[in-house]
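Notes for the one structure printed next.
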Amino acid sequence: MQNKLLECNDPAHDIWKGQRHPLDCIFHPRSVAVIGASEREGSVGRTLLWNLIRSPFGGTVFPVNPQRHSILGIKSYPDIANVPEVVDLAVIATPAATVPQVIRECVAVGVKGAIIVSAGFKEIGEAGAALEREILTEARKGGMRIIGPNCLGLMNPLGGLNATFAGAIARAGNVAFISQSGALCTSILDWSLGENVGFSAFVSIGSMLDVGWGDLIEYLGDDPHTNSIVLYMESIGDAHAFLSAAREVAMDKPIIVLKVGHTEAAAKAAASHTGALTGRDEVLNAAFRRCGVLRVHTISDLFDMAEILAKQPRPKGNRLSIVTNAGGPGAIATDALISGGGALSELAPETLTELDRFLPAQWSHHNPIDILGDASCDRYAQTLEVVAEDPNSDGLLVILTPQAMTDPTQTAEKLKAYSQLGKPILSSWMGGHEVAAGTQILNQANIPTFPYPDTAVRLFNYMWRYSYNLRGIYETPSLPADSDWFTPDRRLVEQILAKAIKSDRTLLTEHESKQLLAAYGLPTIATEIAKSDLEAVEIADRFGYPVVLKLHSEIITHKTDVGGVRLNLADAADVSRAFAQIKSKVNSIDPAAFLGVTVQPMIKMEGYELILGSSLDPQFGAVILFGMGGQLVEVFQDRSLALPPLNTTLARRMMEQTRIYQALQGIRGRKAIDMAKLEQLLVSFSQLIVEQPQIREIDINPLLVSPEGMIALDARILLHTQSSFADRPLPAIRPYPTKYVQHWESRKGDRLNIRPIRPEDEPLMVQFHQNLSEESVYLRYAHMVKLNKRIAHERLTRICFIDYDREMILVADRKADAQNLQNLEHEILAVARLSKLHGTNEAEFALIVSDRYQNQGLGTELLTRLLEIGKEEQLEAIVGYILNSNYKMQSICRKLGFKLLPDAIEGRLKAIFHLHELCRLMEATVNGK
């Protein structure tokens with residue numbers, strides 16, 4: 001019951017493409033119409049036409065201008081309808097008010113791509129925004145894709161296409177550059193021609209009416225000529241599409257972004273600590289970390305990092321070894337390294353011994369490794385060879401200062417042999433003309449070189465952070481897949497929220513907030529409500545002294561600010577007095593605000609006060625905050641942000657970004673807290689956030705943690721109003737799709753759990769592949785794939801760490817059953833995959849069933865569920881490729897209504913199911929037909 005799913009690097013994948021990607025009409029047009037072409041010297045319309053014809057791209061160019069019969073000696077046409085051939089790409093340079101009609105005419109004749117260079121749209125206000133909406137409506141009618149408006153245009157230097165009004169076409173290369181600023185594009189273009197930097201694509205994206213960051217990242221991620229993607233970003237646009245595409249591509253190709261507009265005040269109306277602490281730029285940084293994008297802060301860093309990541313491997317850590325022939329540059333490099341979060345590697349004893357063997361006695365004997373001013377090229381080479389083998393080193397920097405005894409050129413020649421060490425090597429050849437030849441040798445050998453060592457170190461710090469973030473995304477979470485997952489009391493939460501909404505309240509009481517947290521497994525302190533001082537005393541007597549009294553109110557946000565908290569109450573008299581004081585104080589402010597008090601035991605646990613919260617970002621939706629808590633939380637501002645959902649790895653990464661993290665691990669004789677338990681607490685909190693969208697903001701402050709335990713001492717939850725809920729920003733990352741979790745019983749009576757895969761399943765997937773027969777493997781992949789490749793972490797991350805918007809992978813698993821001694825092991829028995837195809841609204845399916853579980857109806861059940869998911873996800877069709885010899889899979893497909901057609905690749909069939917047929921059949925079933 002296996003079907004072959006083409007892997008990302010499978011050359012046969014290109015055969016499936018058959019039909020062109022929608023953006024091919026823009027990047028690889030067979031014909032271009034310039035609408036608004038002009039003969040007038042210096043006009044945009046003339047420049048566009050001239051650039052297209054002077055840099056041949058292999059297609060035909062048609063000027064369109066109703067006022068002229070020819071332009072630049074080329075026959076002109078009055079409108080697009082009169083062009084004698086089908087046009088792939090229309091480049092539009094007419095006044096903004098005319099563009100909707102131009103698009104309408106293009107759609108009518110089948111033009112599939114457009115670049116609108118015209119300005120005068122949403123940048124001028126509502127009138128321009130209305131024009132954009134009209135344009136998009138017309139384009140959608142014909143499936144047209146649009147770049148712009150208000151942009152410079154697009155270049156495909158490898159194909160010779162220059163659909164811009166820039167002065168020259170970019171050099172061909174392997175870096176894709178996308179910019180929201182047309183002016184910056186021309187500046188970068190001038191710089192690149194002088195620096196001999198080449199591009200695979202050069203795109204001015206404009207105001208992103210249609211084609212956005214996500215579309216271009218996905219398209220260029222598939223482009224075999226693009227090695228890295230660099231972005232100049234002013235606004236992120238569709239955050240969901242950007243994160244989804246970037247996360248998919250970043251594993252294979254670096255995405256480096258220069259985002260301007262660093263600061264924006266946090267939401268002024270936010271009443272919570274979390275809202276006050278969540279700055280927009282920090283949220284953006286959290287989003288970049290979550291999808292593996294590297295953010296830099298200068299234009300030079302943008303292209304330097306593209307070069308370095310193309311030439312050198314990513315470091316595994318932040319430890320750098322520095323080899324230098326002068327102490328001063330080594331010290332400068334060290335300062336830059338430490339300031340940027342990096343660390344000097346500590347030389348291993350065997351490294352020190354080996355260096356002592358051939359270096360002069362006066363060498364530094366530590367890192368930075370100063371091999372002295374008379375260092376020869378051989379001394380450099382020997383030192384580098386030894387240091388490269390040091391297990392404590394994650395990267396190397398070689399510094400050369402031109403001294404009388406130093407030969408920069410010969411040293412560079414010697415170092416060429418060490419360009420591929422398995423860890424990054426950077427160099428700084430300091431000086432001008434004297435070191436130019438050596439610099440050129442190093443660069444040609446793929447060893448990036450820089451004039452100053454602090455520049456090289458800054459880029460190394462970028463490298464290890466980039467590597468660190470990628471590992472965080474794809475590191476298998478520590479929580480084992482077969483552990484008992486806590487099931488929240490969702491019914492209780494629903495009752496709490498419904499009660500508040502019915503009362504037209506947006507603020508939960510502290511008591512309700514703690515009930516809600518406890519429903520998701522977050523530890524809270526016992527809390528009871530007292531409406532009189534006698535009730536308060538009775539509860540306190542039951543709890544035991546000392547106790548805490550807090551204002552119970554549905555109105556007041558921060559109890560401490562109104563004297564609504566009394567701590568360490570030692571007896572009944574203290575409780576009665578505190579009740580009266582809180583009531584009197586609150587009544588003087590707003591009598592309606594006092595509903596009584598809550599009584600809680602006074603916790604004597606010694607530990608750290610943390611804050612854990614969530615608030616909404618208008619672009620990314622819910623954002624989680626973690627850090628140092630307590631009353632001075634805004635003063636210390638030691639916090640980190642992350643986008644939900646979290647797993648234990650992402651939770652740990654989040655904590656690692658704070659200063660309090662070091663203390664939590666134990667300092668100055670204090671024991672460490674249970675970090676694994678704290679990680680799981682953050683995961684549970686994340687689950688609460690994604691499952692309860694009615695919640696607008698949460699503060700748990702303080703969350704008291706110590707080696708003895710963890711407990712939420714105070715909590716505050718704000719809900720959406722009816723209008724704000726309707727307008728709320730959706731989550732930027734799709735959470736685990738629990739709606740696709742279902743039980744199923746096999747023909748033998750075994751109860752299985754069919755559910756979407758999750759990152760924690762990687763160990764079970766290893767076991768699953770270990771148990772497959774060679775025949776099953778062959779039928780799945782159409783060739784034999786060795787076990788070590790099938791279970792490699794790099795491969796399994798693409799299966800377990802999926803984006804549920806782009807793929808849906810179902811696993812059928814069986815847990816240990818006390819009543820069935822044969823089922824002693826938690827195992828995955830089958831895997832079914834549905835992967836959306838780029839540039840289409842179709843998806844490709846694949847499935848494989850464990851040999852022991854074949855012929856039990858499981859394959860049919862999984863494929864049936866994939867069809868149902870396809871319908872739910874509003875796909876148009878599902879396709880798959882089946883070997884001619886895979887009769888079982890063919891039988892399942894026929895039974896479910898797939899059409900089996902001969903495929904372009906000999907020896908296999910193409911199975912296709914048009915989902916509108918499934919909709920029709922289901923509708924007929926509902927109607928009883």
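The shown structure was predicted, so the numbers you read here are calculated from the model rather than taken from an experiment.
When every heavy atom of Ala139 is checked against every heavy atom of Val107, the shortest pair comes out as CA-CG2, 4.1 Å. Between Gly212 and Met208, the closest heavy-atom pair is CA-SD, 4.0 Å. Residues Ala166 and Leu189 approach most closely at CB-CD2, 3.8 Å, considering heavy atoms. The two residues Ile217 and Ile229 have their closest heavy-atom pair at O-CD1, 4.1 Å. Between Phe27 and Ala201, the shortest heavy-atom contact is CE2-CB, 3.9 Å. Of all the heavy atoms in Gly292 and Tyr466, the pair that sits closest is O-CE1, 3.1 Å.
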Inset, instruction - List the steps and the verdict of side chain to side chain donor-acceptor pair (under 3.5 Å) for Ser187 and Asp190. - result: CA-CA 5 Å; Ser187 300; Asp190 289 344; 6.0 Å; no
Inset, instruction - Quick one: do Ser300 and Thr298 satisfy side chain to side chain donor-acceptor pair (under 3.5 Å)? Show the steps, please. - result: CA-CA 5 Å; Ser300 61; Thr298 68; 3.2 Å; yes
Inset, instruction - Run the numbers on Phe845 and Phe898 for ring pair (Phe, Tyr, Trp, His ring centres under 6.0 Å), then give the verdict. - result: CA-CA 12 Å; Phe845 81 88; Phe898 279 82; 5.3 Å; yes
Legend entry - Full working for salt bridge (Lys or Arg N to Asp or Glu O under 4.0 Å) between Lys253 and Asp223: CA-CA 10 Å; Lys253 299 180 181 182; Asp223 176 25; 5.9 Å; no
Inset, instruction - Begin with the C-alpha distance, continue with both residues' side-chain angles, and end with the deciding distance and a verdict on side chain to side chain donor-acceptor pair (under 3.5 Å) for His28 and Asp88. - result: CA-CA 9 Å; His28 303 280; Asp88 279 344; over 6 Å; no
Inset, instruction - Step by step, work out the salt bridge (Lys or Arg N to Asp or Glu O under 4.0 Å) result for Arg104 and Glu134. - result: CA-CA 10 Å; Arg104 192 175 296 116; Glu134 187 179 353; 3.2 Å; yes
Inset, instruction - Just do the side chain to side chain donor-acceptor pair (under 3.5 Å) check on Glu248 and His838 with the steps written out, would you? - result: CA-CA 12 Å; Glu248 180 179 275; His838 292 174; 2.8 Å; yes
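Between Ile308 and Lys311 there is no side-chain heavy-atom pair separated by less than 4.5 Å. With a 4.5 Å cut-off on side-chain heavy atoms, Phe913 and Val879 do not count as touching. Side-chain contact between Leu72 and Glu39 is present, with at least one heavy-atom pair separated by less than 4.5 Å. A 4.5 Å side-chain heavy-atom check between Ser192 and Phe199 finds at least one atom pair inside the cut-off. Counting heavy atoms from C-beta outward, Thr98 and Pro95 have side chains that approach closer than 4.5 Å. Contact annotation: the side chain of Ile733 approaches that of Arg290 to within less than 4.5 Å [non-hydrogen atoms, C-beta and beyond]. You'll find the side chain of Leu883 stays beyond 4.5 Å of the side chain of Leu909, heavy atoms only. The closest side-chain heavy-atom distance from Phe288 to Leu294 is not below 4.5 Å.
Between the CD1 atom of Ile53 and the CG atom of Leu49 there is a distance of 5.0 Å, given to the nearest 0.5 Å. Note that CD1 of Ile169 is 10.0 Å distant from CG of Leu193, once rounded to the nearest 0.5 Å. If you take CD1 on Ile799 and CD on Glu807, they are separated by 9.0 Å, rounding to the nearest 0.5 Å. Considering OH of Tyr474 and CZ of Arg247, their distance stands at 4.5 Å, rounded to 0.5 Å. Distance check: Ile878 CD1 to Leu867 CG gives 5.0 Å after rounding to the nearest 0.5 Å. Between atom CD1 of residue Ile146 and atom CG of residue Leu209 there is a gap of 5.5 Å, rounded to the nearest 0.5 Å.
Between Tyr462 and His297, the ring-plane angle classifies as tilted under the 30° and 60° cut-offs. Using bins of under 30°, 30° to 60° and over 60° for the plane-to-plane angle, the ring pair Phe202/Phe177 lands in the tilted bin.
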Donor-acceptor list for residues 112-120 side chains, cut-off 3.5 Å, not counting sequence neighbours:
{"from": "Lys112", "atom 1": "NZ", "to": "Gly142", "atom 2": "O", "distance (Å)": "2.7"}
{"from": "Ser118", "atom 1": "OG", "to": "Thr94", "atom 2": "N", "distance (Å)": "3.3"}
{"from": "Ser118", "atom 1": "OG", "to": "Thr94", "atom 2": "O", "distance (Å)": "2.6"}

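Ion pairing of Lys836 with Glu842 is absent here, as no side-chain N (NZ or NE/NH1/NH2) approaches a carboxylate O to less than 4.0 Å. With respect to Lys141 and Glu138, a salt bridge is recorded, a charged nitrogen being found less than 4.0 Å from a carboxylate O. Using a 4.0 Å cut-off between charged nitrogen and carboxylate oxygen, Arg295 and Asp281 count as a salt-bridge pair.
A donor-acceptor pair under 3.5 Å links the side-chain atoms of His240 to the main chain of Ala732, judged by distance alone. At least one donor-acceptor pair under 3.5 Å links the side chain of Asp79 to the backbone N or O of Asn82. The main-chain N or O of Glu876 is never found under 3.5 Å from a side-chain atom of Lys871 such that the two would form a donor-acceptor pair. Not one N or O on the side chain of Arg314 forms a donor-acceptor pair closer than 3.5 Å with the backbone of Leu309. Ser43 contributes a side-chain N or O that, together with a main-chain N or O of Arg40, makes up a donor-acceptor pair within less than 3.5 Å.
Residues in residues 198-221 take part in these side chain to side chain donor-acceptor pair (under 3.5 Å) pairs, two or more places apart or across chains: Asp24-Tyr219, Glu132-Ser207, Arg140-Asp210, Arg145-Asp210, Arg145-Asp215, Ser200-Thr226, Glu218-Arg806.
For Gln101, the CD atom sits in a packed shell: over 12 heavy atoms of surrounding residues, nucleotides or ligands are nearer than 6.0 Å. More than 12 heavy atoms of other shown residues, nucleotides or ligands fall within 6.0 angstrom of atom CG in Leu136.
Checked against side chain to side chain donor-acceptor pair (under 3.5 Å), Ser70 has no partners two or more places apart in sequence or in another chain.
When only modelled atom types and interatomic distance are considered, Ser244 and Asp803 share a side-chain donor-acceptor pair under 3.5 Å.
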